[in-house]
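Here the structure is laid out as C-alpha cells; the discussion comes afterwards.
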Amino acid sequence: MPPTEVAYQQCISPSCGAQYGVDEARINCEKCGDLLDVTYDWDRAKPPANLRDFEAMWTRRHEPSRFSGVWRFHELLPFAPIDQVVTVGEGQTLLQQADSVAPYVGVKTGGLFLQYEGMNPSGSFKDNGMTAAFTHARSIGAKRAACASTGNTSASLAMYCAVTRHMKAVIFIGSGKISYGKLSQALDYGALTVQIAGDFDDAMVRVREVSQELGIYLVNSVNPFRLEGQKTIMLRVLEALRWEVPDWIVVPGGNLGNSSAFGKAFAELLQLGLIDRAPRLAVINAVGANTLYELYENRGLRWNAGVDDQDTSATYYRELDATQRKASTLASAIEINRPVNLRKCLRALETCDGVVREVTDQEIIDAKAQVGAGGIGCEPASGASVAGARKLVAEGVIQPTDRVVCILTGHQLKDQDATIAYHTTDQERFDKVLGTRGVKRASFANRAVAVPNDLDAIVKAIQLYS
Ligand SMILES: *Cc1c(COP(=O)(O)O)cnc(C)c1O
Ligand SMILES: [Zn+2]
C-alpha cells in the first residue's frame with residue numbers, strides 16, 4: 001500500500017489490518033480472508049468541516065458528478081478523482097414524511113419517513129453502490145463485470161454496462177427465484193444471463209469462483225467500493241432532515257451490504273465530528289431467511305472488537321446444511337441464508353446500538369400494501385422495513401414519539417406478481433403466489449369491481465363503491 005494515498009483498502013479484522021492499494025480488485029484479505037473496507041486518510045482527504053457545506057453542490061446540478069445523489073458527497077468517498085467518476089444520474093431519491101402510513105406503524109404524525117430508493121434509474125438502491133463499483137472498475141481497466149443476484153443487483157449492473165459501455169455484464173441468478181420485473185431489465189439491457197440450478201446462495205459461491213478463474217470484476221456487495229456508494233443513502237436522509245440525526249434507521253437485511261454501509265457512514269461522520277450521535281439501526285430479516293436474527297438475537301453473536309467468532313456462525317451454517325434448510329420468503333431480494341457482509345453488519349450494529357427482528361411474509365405483504373395505499377409504493381422486501389418498525393413500536397423498543405426512517409429499497413413495479421396476487425379476487429392466483437408462502441389473508445386488498453358492459457350497471461357500481 002503506498003502510504004501517501006488518500007484512500008486504501010484495509011482488512012476489517014483489527015488483529016490483521018492488512019492494507020492494499022485502491023488499484024487492486026479484491027474481495028477479501030489475502031492474509032486472513034476477512035472482508036475489506038475502503039479506508040481514508042482524512043488528513044489528506046480534507047472532508048468538509050460541516051455537513052451544510054454540501055448544500056453548495058445544489059447549485060452545480062449541471063455537472064453530472066454533482067447532479068448525482070452519490071457523487072455530490074464525493075468528499076466523503078474520495079477513492080477516485082471527481083472528474084473520473086462513472087454516473088448515470090443515480091441517487092435522485094426522496095425522503096417522504098409518510099403521515100398516512102404512520103398510524104399503521106404506530107408513530108405520531110410527522111414521525112415516520114420513507115426513503116424511496118426505488119426512484120433510482122434501475123429502480124433500486126443498488127445503483128448507489130454500482131456507480132461506485134463502476135468508478136473503481138473503470139479506474140483499474142476491468143473489461144467484464146459479474147454478480148450473483150436476486151434481481152436488483154443484476155438489473156443495476158446490466159444498466160450501467162448498457163449506458164456507459166465500459167464493461168460487459170455477466171449475471172448469475174438462481175432458478176425460478178427472480179421476479180419478472182427484474183429479469184426483464186437484465187435481458188433488455190443485454191446482459192449475459194446465466195441461470196444456475198440452485199438458489200442465490202449457490203449462485204454466490206459460483207460467481208466468486210468464476211470471477212476468480214476468469215478475472216472478471218465482481219460487483220456483489222463483498223466489493224468494498226459498492227458500500228462506499230451506499231453510504232450516501234444515509235447522507236441524503238440527513239440532508240432531507242436538514243442534517244438532524246433521526247432516532248431510527250430501519251432497513252431490510254439480505255446480504256447485509258446496506259446495513260454495513262450505513263454503519264460505516266455513521267462511524268465516519270462521528271469520527272469526523274460531522275454528527276454528534278448515531279441513530280439506532282434496526283435490521284429486518286424475513287422469517288424464512290433469518291440468519292442475522294438467529295445469530296444476533298438468539299445466539300448472542302456480536303462484533304466483539306472484531307474478534308472473529310467463527311464457531312457460532314459455522315455451527316449455524318452446518319445446522320442449515322444438515323436440515324437442508326434453504327432460504328424461503330416472498331421477499332425475494334432478501335431470500336439469502338448466508339449473508340456475505342455478516343461481520344461488517346455486526347460492526348454496524350455496534351456503532352448504531354442496533355437491533356435485529358424477523359417478520360413473516362404476511363407482515364411483509366400487509367406492510368407493503370400500506371405503503372402502496374399511503375405512499376409511493378415499494379417491492380415486497382422493502383415492506384419488511386415498515387413491518388419491522390411496526391413490530392418494534394409494538395414491543396416498546398421504538399417510541400411513538402421517535403423519528404423513524406424506513407428504507408424502501410426497491411420500486412413498486414419490480415414485483416407486480418405479488419401485488420396483483422394480493423389484490424386479486426382470484427383465489428387460485430392468491431394461493432399460488434402468496435398462499436404457498438404462508439400468507440393467509442390480504443388484510444388491505446383493493447379488489448377490482450367486475451361489472452357487465454352496461455352503462456346502468458357501471459353507474460350503480462361506482463355509486464355503491466365510492
Ligand atoms: C438487495 C436488496 C435488499 C437487500 O439488501 P442487502 O444490502 O443485501 O442487505 C433489500 N431490498 C431490495 C429491494 C434489494 O434489492
Ligand atoms: Zn486480514
Side-chain angles (χ1 to χ4, degrees), residues 9-20 26-37 115-120 122-130 147-157 178-179 181-182 185 200-201 204 219-224 226-227 229-231 233 250-264 281 283-286 289 291-292 306 308 327 329-345 348 356 364 368 371 377-386 388 406-415 418:
Q9 301 186 70
Q10 184 166 34
C11 175
I12 68 165
S13 170
S15 62
C16 173
Q19 297 182 349
Y20 307 91
R26 322 195 121 266
I27 49 173
N28 56 15
C29 175
E30 197 170 83
K31 296 210 173 81
C32 74
D34 213 333
L35 297 166
L36 298 174
D37 270 335
Q115 172 68 14
Y116 280 97
E117 288 300 315
M119 293 167 76
N120 275 289
S122 82
S124 86
F125 79 82
K126 298 295 196 303
D127 296 347
N128 292 283
M130 207 54 71
C147 69
S149 182
T150 60
N152 282 332
T153 305
S154 56
S156 183
L157 167 62
I178 182 171
S179 77
K182 301 173 190 182
Q185 288 182 283
F200 174 84
D201 293 309
M204 189 69 230
V219 297
N220 276 101
S221 57
V222 278
N223 178 321
R226 266 235 355 231
L227 302 197
Q230 288 169 217
K231 290 192 310 195
I233 300 170
V250 190
V251 63
N255 240 343
L256 306 179
N258 245 354
S259 44
S260 299
F262 297 175
K264 186 171 189 281
L281 178 67
V283 185
I284 313 300
N285 274 165
T291 295
L292 181 68
D308 197 353
T329 167
L330 85 96
S332 54
I334 53 173
E335 192 174 43
I336 296 173
N337 262 351
R338 293 170 190 261
V340 296
N341 287 300
L342 176 62
R343 285 195 21 89
K344 283 186 179 176
C345 181
V356 182
I364 287 173
K368 174 190 164 306
V371 173
C378 63
E379 69 166 276
S382 316
S385 59
V386 174
C406 293
I407 311 302
L408 299 184
T409 44
H411 198 280
Q412 184 188 39
L413 297 179
K414 287 280 190 175
D415 188 352

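For ligands, and for the atoms within them, numbers begin at 1 and follow the listed sequence.
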Only heavy atoms of [X], strictly under 4.0 Å: list the atoms of ligand 1 that pass.
{"X": "Glu379", "value": "13 (C)"}
{"X": "Ala381", "value": "11 (N)"}
{"X": "Gly410", "value": "13 (C)"}
{"X": "Gly253", "value": "9 (O)"}
{"X": "Asn258", "value": "7 (O)"}

Cys16 SG and Cys32 SG subtending at the Zn ion (ligand 2) (10° steps):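 Value returned, to the nearest 10°, is 120°.
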Under 3.5 Å donor-acceptor, [X] side chain and [Y] backbone:
{"X": "Asp201", "Y": "Asn337", "value": "yes"}
{"X": "Ser385", "Y": "Ile407", "value": "yes"}
{"X": "Asn285", "Y": "Leu292", "value": "yes"}
{"X": "Arg343", "Y": "Gly306", "value": "yes"}
{"X": "Lys344", "Y": "Leu36", "value": "yes"}
{"X": "Gln19", "Y": "Gln10", "value": "no"}

Part of [X] with heavy atoms under 4.0 Å of ligand 1, whether side chain, backbone, both or neither:
{"X": "Ala333", "value": "both"}
{"X": "Asn152", "value": "side chain"}
{"X": "Gln230", "value": "neither"}
{"X": "Ile334", "value": "side chain"}
{"X": "Lys414", "value": "neither"}

Scan side-chain atoms only and decide if [X] and [Y] contain a donor-acceptor pair under the 3.5 Å cut-off.
{"X": "Ser221", "Y": "Asn341", "result": "yes"}
{"X": "Asn258", "Y": "Glu117", "result": "no"}
{"X": "Lys414", "Y": "Gln185", "result": "yes"}

Distance in Å, Met119 CE paired with Asp127 CG, rounded so as to fall on 0.5 Å steps: 13.0 Å
Before signing off on this row, confirm whether [X] and ligand 1 have an N or O atom pair separated by under 3.5 Å.
{"X": "Phe125", "result": "no"}
{"X": "Thr409", "result": "yes"}
{"X": "Leu256", "result": "yes"}

Atom 8 (O) of ligand 1 - nearest protein heavy atom and its distance: Asn255 N, 2.8 Å
Nearest-neighbour protein heavy atom for atom 14 (C) of ligand 1, which is reported as residue plus atom name and distance: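 Going by distance alone, atom 14 (C) of ligand 1 is nearest to Lys126 NZ, 2.9 Å.
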Residues Asp37 and Lys264 bridged, charged N to O under 4.0 Å: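 The answer is no: the pair does not qualify as a salt bridge.
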Ser221 touching ligand 1 at heavy-atom level, < 4.0 angstrom: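 False for this residue.
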